[in-house]
Each structure stands twice: as C-alpha cells, then as structure tokens.
Amino acid sequence: MPELPEVETVRRMLDAHVLGRTVARARLSDKKLRTAISPATFRKLAGRTIESTGRHGKYLFVHFSGGVTLLSHLGMSGRWLFSDAAPADDLKHVHATLVFADGSWLRFQDPRRFGLVRVVATGRLAKEPELARLGPDPIATPPDAADLRERARGRTVAVKAFLLDQGEIAGVGNIYASEILHRTGVHPARKAGSIREPEWSAIAIETRRVLEEAIDRMGTTFSSYRTLWNEPGQYGERLLVYDRAGQPCRRCGRPIRRSVIGQRSTFFCPSCQPARGAGYGKK
DNA sequence: ATCCTATCCTGTAGGC
DNA sequence: TGCCTACAGGATAGGA
C-alpha cells in the first residue's frame with residue numbers, strides 16, 4: 001500500500017506542521033512490530049525537538065535534536081496520524097505515541113504490524129541494514145537508463161519484479177510498478193534482461209512522472225493508507241491499470257488483464273503492452 | 001548470484 | 001446475519 005508517494009506525502013505534512021515540536025512523552029504499545037524495539041529506547045525521544053525530516057524509498061526519517069532519528073516504514077497498513085490535541089477516538093492498533101509539550105499528538109497505527117518504528121543515532125542511520133540495502137531513491141536521483149540496462153543484464157526475473165526490488169530502485173511498489181510499465185508499453189512479465197535501452201529510458205522517465213504526479217495528489221488510497229490528517233490520497237482515480245481488471249484500457253479501450261507475478265497482483269493491457277516488446281525499435 | 005516460496009498479521013470483501 | 005475463504009499496497013529468510 002504505502003509506496004514512495006504515500007510516504008513522501010506524510011513526510012511533507014510532518015515537515016510543514018510538526019517541525020519544532022518538543023516531545024513530552026513517548027510510549028510504545030506492548031505488541032511487537034516487525035522489528036521490536038524496547039520501550040526504553042523509544043523513550044529516548046522524550047525532551048527532544050523535531051528538527052527535520054527525510055526519506056529514502058519507502059523509509060521515513062524524523063530527525064530530533066541531540067542526534068537521534070526516528071526511522072519508520074509503513075509496511076502494508078501503517079499510518080502516522082497527527083492531532084492538535086489529545087484524540088477523543090479510541091483507535092485500535094496504535095503502537096507508538098508521541099505527546100508533544102504543546103498538547104498535540106502523533107501516533108503510529110498499524111493493524112497488520114508489518115511496519116517499522118525504530119530510534120537510532122542519526123550519524124549511523126545509513127548503516128541500518130534496511131537502508132544499506134536500498135538502491136537510489138528515484139526522486140532524489142533520477143534513474144539512469146544505461147545504468148538500469150547494465151544492472152538488468154542477464155537477469156531473468158520479470159521486469160515488474162525487478163522494479164519492485166528495493167535494491168534496484170527504492171520506493172516503487174506494486175501499484176506504481178504496474179502503472180509505470182503500462183505507460184511505457186512494456187509487458188510486466190518480460191525478463192528484465194530483455195528490456196532494451198530505449199525502453200529503460202522510458203521506464204526511467206515514467207517512474208519519476210508517475211511518482212511525482214501521485215505525490216501531487218497525496219498518494220493512492222487502495223485500502224488503508226491515510227495522510228497525516230487521516231485523509232485518503234487522490235491518485236486512485238488517475239490509475240490507468242491497477243485494480244482495473246476487465247475495465248477498458250484508457251488508451252485503447254480493450255480490457256485490462258490481471259495476472260500474478262512473484263505472488264503479486266499485476267495489471268496490464270495486453271494490447272498496449274505486447275509480450276514480445278514492440279514500439280522501441282526492432283527485436 | 002539469482003530466483004522463488006513461505007511467512008509475519010489483521011481487516012475486509014465476496015460466496016454461500 | 002453469519003461463517004468461511006481468499007486476498008491485500010511489503011520485506012525478508014531460507015531453500016533450490
């Protein structure tokens with residue numbers, strides 16, 4: 001669910017509204033997230049002020065005074081939710097709570113608990129194993145076609161699985177991978193090694209375009225994703241193929257198909273995205 | 001090295 | 001209405 005645009009939306013909202021606030025209390029639920037941290041570690045945030053935010057791929061950083069960073073990943077169902085005062089709701093699955101000195105609250109809710117919340121020394125952030133594995137962030141570093149072609153050389157995995165590999169491009173998830181491939185006319189099941197450089201150029205360009213357009217609309221809410229204000233993202237109405245099986249292709253009118261690649265739902269137009277590849281020079 | 005599968009967990013949609 | 005199953009945007013460990 002939450003891919004780069006959704007995480008970036010949350011980051012921008014934190015940046016605009018939560019910067020400068022000082023933590024009065026920091027507490028964790030007793031349920032374990034993907035990687036458990038101790039309540040004592042989390043409580044290190046108390047007394048510190050939020051100075052800046054960052055992001056790499058789908059990982060969010062909140063930098064605090066005193067050289068400490070909150071590292072977070074939304075997993076499948078994670079949300080960071082802000083409220084100006086103590087919330088009156090009785091939200092289930094809240095696993096981390098920051099109460100600020102001004103009375104506002106920031107909570108991490110995650111029913112499926114695939115998400116990540118960790119407190120680390122800012123100076124050692126890049127050494128965290130999850131981050132050390134990541135490929136370049138496509139917003140910070142525009143993907144380079146020749147580089148992609150080189151890294152994909154000889155690879156037999158489906159190009160769609162290649163795009164989902166966070167070690168190659170950090171931040172593309174299941175929704176946007178289908179969207180990128182449709183825009184570029186590349187069939188998702190083609191082997192990564194068979195994609196020609198002009199096609200990689202198109203993929204590089206459309207990757208940035210799709211992600212930036214989705215950021216402009218605060219991301220895609222397929223089911224659980226919400227912004228910092230608990231609002232859905234608006235990009236869903238712009239999707240060309242994702243979750244549109246049987247509906248007409250917005251380009252050629254023929255029905256969108258669903259298949260499974262690497263255990264993940266994949267959507268494409270068989271007409272606009274031929275299995276053998278076409279439209280970018282010969283074979 | 002690369003690829004594929006199973007797995008973590010809960011909520012929800014759809015079939016009966 | 002209720003029960004049951006299948007499935008969901010992610011990432012990783014481990015086996016082939």
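Keep in mind the model is a prediction, meaning the values are calculated, not measured. Labels below follow one simple rule: chain letters A, B, ... track the order of the sequence lines, proteins then strands, and each chain is numbered from 1. All values below come from the heavy atoms of this structure, side chains included, with hydrogens, waters and symmetry mates left out.
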ring-ring contact (aromatic ring centres under 6.0 Å, His included) pairs touching residues 66-95 of chain A, sequence neighbours excluded, are A/Tyr59-A/His73, A/Trp80-A/Phe108, A/Phe82-A/Trp229
Note: A/Glu168-A/Arg151 ion pair, threshold 4.0 Å (strictly below): yes
Atom CG of A/Leu33 and atom P of C/dT12 are separated, to the nearest Å, by 15 Å
For C/dA11 and A/His73 - does any side-chain N or O of the residue sit under 4.0 Å from the phosphate oxygens OP1/OP2?
yes
Where DNA chain C forms runs of at least three Watson-Crick or G-U pairs (i with j, i+1 with j-1, under 3.5 Å), the stems are B:2-8 with C:10-16, B:10-16 with C:2-8
Residues pairing under salt bridge (Lys or Arg N to Asp or Glu O under 4.0 Å) where one sits in residues 80-97 of chain A, two or more places apart or in two chains, turn out to be A/Asp89-A/Arg107
Would you say the side chain of A/Glu130 and the base of C/dA11 hold a donor-acceptor pair, judged only by whether the two atoms sit under 3.5 Å apart?
-> no
With the side chain defined as heavy atoms from C-beta on, A/Phe114 is closest, among C/dG10, B/dT5, C/dT12, to C/dG10
Note: contacts of residues 149-165 of chain A with DNA chain B (heavy atom, under 4.0 Å) are A/Arg155, A/Thr156, A/Val157
- Query: Are the side chains of A/Phe61 and A/His56 in touch, meaning some heavy atoms are under 4.5 Å apart?
  - Reply: yes
The reported gap from CD1 in A/Ile205 to CD1 in A/Ile180 (rounded to nearest 0.5 angstrom) is 12.5 Å
With rounding to the closest Å, how many angstrom separate the P atoms on C/dA6 and B/dA6? 14 Å
Note: with side-chain heavy atoms under 4.5 Å as the link, the other cluster members for A/Val94 come out as A/Leu81, A/Leu91
> So does A/Arg208 have more than 12 non-hydrogen atoms from other groups sitting under 6.0 Å from CZ?
Replying inline: yes
Whether A/Arg133 contacts C/dT12 is assessed here as follows: a side-chain N or O lying under 4.0 Å from the phosphate OP1 or OP2. Is that the case? yes
Closest to the side chain of A/Lys31, out of B/dT10, C/dA8, B/dT5, is B/dT10
Would you call A/Glu179 and A/Arg244 a salt bridge, using N to O less than 4.0 angstrom? no
- prompt: Do A/Glu199 and A/Arg190 sit within salt-bridge range, that is, some charged N less than 4.0 Å from a carboxylate O?
  reply: yes
Checklist entry - Which part of the nucleic acid, if any, lies within contact of A/Gln166, taking any heavy atom under 4.0 Å across all strands shown: a base, the sugar-phosphate backbone alone, or nothing? => result sugar-phosphate
Got a list of protein N/O to nucleotides 11-13 of chain B N/O distances below 3.5 Å?
{"unit_1": "B/dG11", "atom_1": "OP1", "unit_2": "A/His93", "atom_2": "NE2", "d": "2.5"}

Between A/Glu8 and A/Arg55, is the closest basic N to carboxylate O distance under 4.0 Å?
-> yes
Separation of C/dT12 atom P from A/Arg264 atom CZ, nearest Å, is 13 Å
In whole angstroms, the gap separating P of C/dA8 from OH of A/Tyr242 amounts to 7 Å
Between CG of A/Asn174 and C1' of C/dA11 the distance, given in whole Å, is 13 Å
In whole angstroms, the gap separating C1' of C/dG10 from OH of A/Tyr176 amounts to 15 Å
ask   = Are A/Tyr242 and A/Tyr176 close enough that their ring centres sit under 6.0 Å apart?
value = no
